[in-house]
Amino acid sequence: ELKVEQNPLFLSMQEGKNYTIYCNYSTTSDRLYWYRQDPGKSLESLFVLLSNGAVKQEGRLMASLDTKARLSTLHITAAVHDLSATYFCAVDIRPGGGADGLTFGKGTHLIIQP
Amino acid sequence: DAGVTQSPTHLIKTRGQQVTLRCSPISGHKSVSWYQQVLGQGPQFIFQYYEKEERGRGNFPDRFSARQFPNYSSELNVNALLLGDSALYLCASSLESSYNSPLHFGNGTRLTVT
């Protein structure tokens, strides 16, 4: 059974600081996704990582994937309050896609304080 | 273009009742997936449909069923509701049933079972 673990689950940080969220998973996969969810809202796709060594950046967020270590990271640079949200990683083990859906981590609840 | 739309947005039901949730995918998207998100947890995969056929099923009891219509919209049915079925039910669509088609989530239906 695929397990996806995120840490930390809760993170309170100050504006301007840097931090990293980690996503470990238990079964070989080279397809990993990051989503953002604001309170009471749906999930917004942030990054799609489809190969070992993949790195994607958007604004103050950067995501990477190491399939050998079964690890993805979401790095936040010079955090701003608008980045406060819950961040989920999700792993796809569907052979060729389409069968078993995504397996999500429990999410990292991020609060950025002025 | 309209995103994924779900109805109703909120629903209150009593234990033992049945409920039907509806989802309209983004225009042109042929794949629809359903996820259950319990408060404080990541979404959990329930079903995926592609071209009106079930392509995957998560670890949910037979009380949960779904279907996809010729226009690619979808319904999720839950029979004999339990208190534990209270959750946010998310529908997601993608262009195709493959790993490089990221999921686009709707705003969800908040189901409360009393």
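Criterion: ILVMFWY side-chain heavy atoms under 4.5 Å apart, direct or through other members. Under it, B/Tyr89 and B/Ile26 are not part of a common hydrophobic cluster. In this structure, A/Val80 is a member of the same hydrophobic cluster as A/Leu74, with clusters built from ILVMFWY side-chain heavy atoms closer than 4.5 Å. A/Met62 and A/Phe47 are not part of a single hydrophobic cluster, where members link through side-chain heavy atoms under 4.5 Å apart. Hydrophobic clustering keeps B/Leu21 apart from B/Tyr72 (ILVMFWY residues linked when any side-chain heavy atoms are closer than 4.5 Å, directly or through intermediates). Hydrophobic clustering (ILVMFWY, side-chain heavy atoms < 4.5 Å, transitive): B/Val32 and B/Tyr50 are in distinct clusters.
Most heavy-atom pairs under 4.5 Å with chain A: of the set B/Ala92, B/Gly106, B/Gly108, this distinction falls to B/Gly106.
The shortest distance between side-chain heavy atoms of B/Leu103 and A/Ser45 does not fall below 4.5 Å. Between A/Leu43 and B/Tyr35, the closest side-chain pair of non-hydrogen atoms is not below 4.5 Å. When side chains are defined from C-beta on, B/Leu88 counts as touching A/Gln37, because their heavy atoms get closer than 4.5 Å.
With a 6.0 Å radius and a threshold of 12 heavy atoms from other residues, nucleotides or ligands, B/Lys13 has its NZ atom above the threshold. Surrounding CG of B/Leu83 are more than 12 heavy atoms belonging to other residues, nucleotides or ligands, all under 6.0 Å away.
Here the closest non-hydrogen pair linking A/Ser42 and B/Leu90 is OG-CD2, 3.7 Å.
Using a 4.5 Å cut-off between heavy atoms, A/Gln6 makes no contact with chain B at all.
Interatomic distance, A/Leu102 CG to B/Gln44 CD, rounded to the nearest 0.5 Å: 12.5 Å.
No donor-acceptor distance shorter than 3.5 angstrom exists from the side chain of A/Tyr35 to the backbone of B/Phe105, with no hydrogens or angles considered.
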Test A/Phe88 against B/Gln37 for side-chain contact (heavy atoms from CB on, under 4.5 Å), laying out the working first.
CA-CA 12 Å; A/Phe88 292 96; B/Gln37 186 177 21; 3.5 Å; yes

How far apart are the C-alpha atoms of B/Phe45 and A/Phe104, what are their side-chain angles, what is the distance that settles it, and do they pass the ring pair (Phe, Tyr, Trp, His ring centres under 6.0 Å) test?
CA-CA 9 Å; B/Phe45 173 69; A/Phe104 282 80; over 10 Å; no

